[in-house]
Amino acid sequence: EAQVTQNPRYLITVTGKKLTVTCSQNMNHEYMSWYRQDPGLGLRQIYYSMNVEVTDKGDVPEGYKVSRKEKRNFPLILESPSPNQTSLYFCASSLGTSGRTDTQYFGPGTRLTVL
Amino acid sequence: DQQVKQNSPSLSVQEGRISILNCDYTNSMFDYFLWYKKYPAEGPTFLISISSIKDKNEDGRFTVFLNKSAKHLSLHIVPSQPGDSAVYFCAADTGNQFYFGTGTSLTVIP
């Protein structure tokens, strides 16, 4: 089944404790991206990757890191989480071969709470 | 600053009637737009898209209209069904970045 998977689905942590949210897709997509969803703000793009080893900042990259060492995986790293990073996070992927991001397929989301 | 705006946080419609969801954008460089639907506890799923070279795109019960001069797009759902109850996001695609609106929660009343 074609899908984007994220782990963990739920995470409660404390300020300053490094964490990684994994994202994997099995569709051989070039483009991958991370978003956060907050009430009243919709979905905001954190980072995106057009291809392996190519990543770039989205709208709200502060406090986050990403890496794209393999095509299928795009982990989101919070080196020192803070309470304002409490949010619902989505990973997404798309073909992107034409240079367009086009239709994205989203993972189920990761609910992160930073105390 | 929000470049894609959905000014109606919620909308209620009777089953069988038309649902019209609106979206405005500020950046005239946006040339591709999409609508996504989101159910609780799930990721958004793609619904329909439109390129800026068109002013209308249809897919079954869903039609998206684009008015470039007004920087406005709308999603029409006809007829509305209870299963359409969800949050709808419009999005603008620049080719490498996405900008989403804040979402409109649609409730279709049986």
Side-chain angles (χ1 to χ4, degrees), chain A residues 2-7 9-10 21 23-25 27 29-51 54-61 68 87-111, chain B residues 1-10 21-27 29-54 57 59 62 64 73 75 86-106:
Chain A
Q3 59 183 354
V4 178
T5 55
Q6 296 178 226
N7 282 292
R9 294 289 311 277
Y10 302 91
V21 184
C23 173
S24 183
Q25 50 94 4
M27 296 170 277
H29 283 170
E30 303 281 340
Y31 183 93
M32 296 186 76
S33 183
W34 276 102
Y35 298 87
R36 60 179 288 174
Q37 182 186 1
D38 301 290
L41 296 173
L43 286 151
R44 292 179 295 167
Q45 195 169 33
I46 303 170
Y47 269 95
Y48 62 94
S49 169
M50 298 294 288
N51 210 330
V54 179
T55 63
D56 213 339
K57 295 177 181 178
D59 251 3
V60 288
R68 187 92 182 273
S87 188
L88 179 57
Y89 291 86
F90 291 100
C91 180
S93 72
S94 68
L95 272 174
T97 51
S98 64
R100 283 221 78 89
T101 51
D102 206 34
T103 306
Q104 291 187 92
Y105 296 84
F106 283 79
T110 294
R111 173 74 67 183
Chain B
D1 191 29
Q2 199 82 24
Q3 298 194 56
V4 178
K5 298 177 186 178
Q6 294 175 257
N7 292 320
S8 299
S10 62
L21 294 90
N22 294 304
C23 180
D24 297 295
Y25 60 96
T26 57
N27 190 336
M29 298 300 292
F30 291 154
D31 63 353
Y32 197 76
F33 302 90
L34 307 93
W35 284 92
Y36 282 82
K37 177 173 159 179
K38 185 182 180 304
Y39 293 118
E42 295 182 12
T45 54
F46 170 74
L47 196 55
I48 193 168
S49 62
I50 188 166
S51 164
S52 61
I53 62 173
K54 294 185 174 181
N57 188 27
D59 184 2
F62 302 91
V64 56
L73 62 154
L75 175 68
V87 177
Y88 289 79
F89 291 98
C90 66
D93 173 8
T94 66
N96 53 20
Q97 279 191 261
F98 265 75
Y99 295 90
F100 280 82
T102 50
T104 296
S105 177
L106 173 66

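Just so it is clear: chains get the letters A, B, ... in the order the sequence lines come, proteins before strands, and each one is counted from 1. Only this structure's heavy atoms are used, side chains among them; waters, hydrogens and symmetry mates stay out.
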(message) Please classify the contact between B:Ala91 and chain A as side chain, backbone, both or neither, with a heavy-atom cut-off of under 4.5 Å.
(response) neither
(message) Is A:Tyr105 close to chain B through its backbone or its side chain, or both, or neither, when contacts mean heavy atoms under 4.5 Å?
(response) neither
(message) I need the B:Asp93 CG to A:Ser94 OG distance, nearest 0.5 Å.
(response) 8.0 Å
(message) Applying side chain to side chain contact (heavy atoms under 4.5 Å, CB included) to A:Gln37 and B:Phe100, what does each step give before you reach the verdict?
(response) CA-CA 10 Å; A:Gln37 182 186 1; B:Phe100 280 82; over 6 Å; no
(message) Going by salt bridge (charged side-chain N to carboxylate O under 4.0 Å, His left out), name the residues that satisfy it together with A:Asp38, two or more places apart in sequence or in a different chain.
(response) A:Arg36, A:Arg44
(request) Enter the distance from A:Asp59:CG to B:Gln3:CD here, rounded to the nearest 0.5 Å. (result) 7.0 Å
(message) I need the B:Gln97 CD to A:Lys57 NZ distance, nearest 0.5 Å.
(response) 11.5 Å
(request) Name the orientation class of the two ring planes belonging to B:Phe98 and A:Tyr31 (parallel below 30°, tilted from 30 to 60°, perpendicular beyond 60°). (result) tilted
(request) For A:Phe90, check ring pair (Phe, Tyr, Trp, His ring centres under 6.0 Å) against everything at least two apart and list the hits. (result) none
(request) Name the member of B:Ala41, B:Gly43, B:Pro9 that forms the most heavy-atom pairs with chain A at distances under 4.5 Å. (result) B:Gly43
(request) Select, from A:Gly109, A:Gly42, A:Gly40, the one with the greatest count of heavy-atom pairs under 4.5 Å involving chain B. (result) A:Gly42
(message) Give me the atom names and distance for the closest heavy-atom approach of B:Asn96 to A:Gln45.
(response) O-NE2, 4.2 Å
(request) Examine whether an atom of B:Gln2 lies under 4.5 Å from a heavy atom of chain A, and if so say whether it belongs to the side chain, the backbone or both; otherwise answer neither. (result) side chain
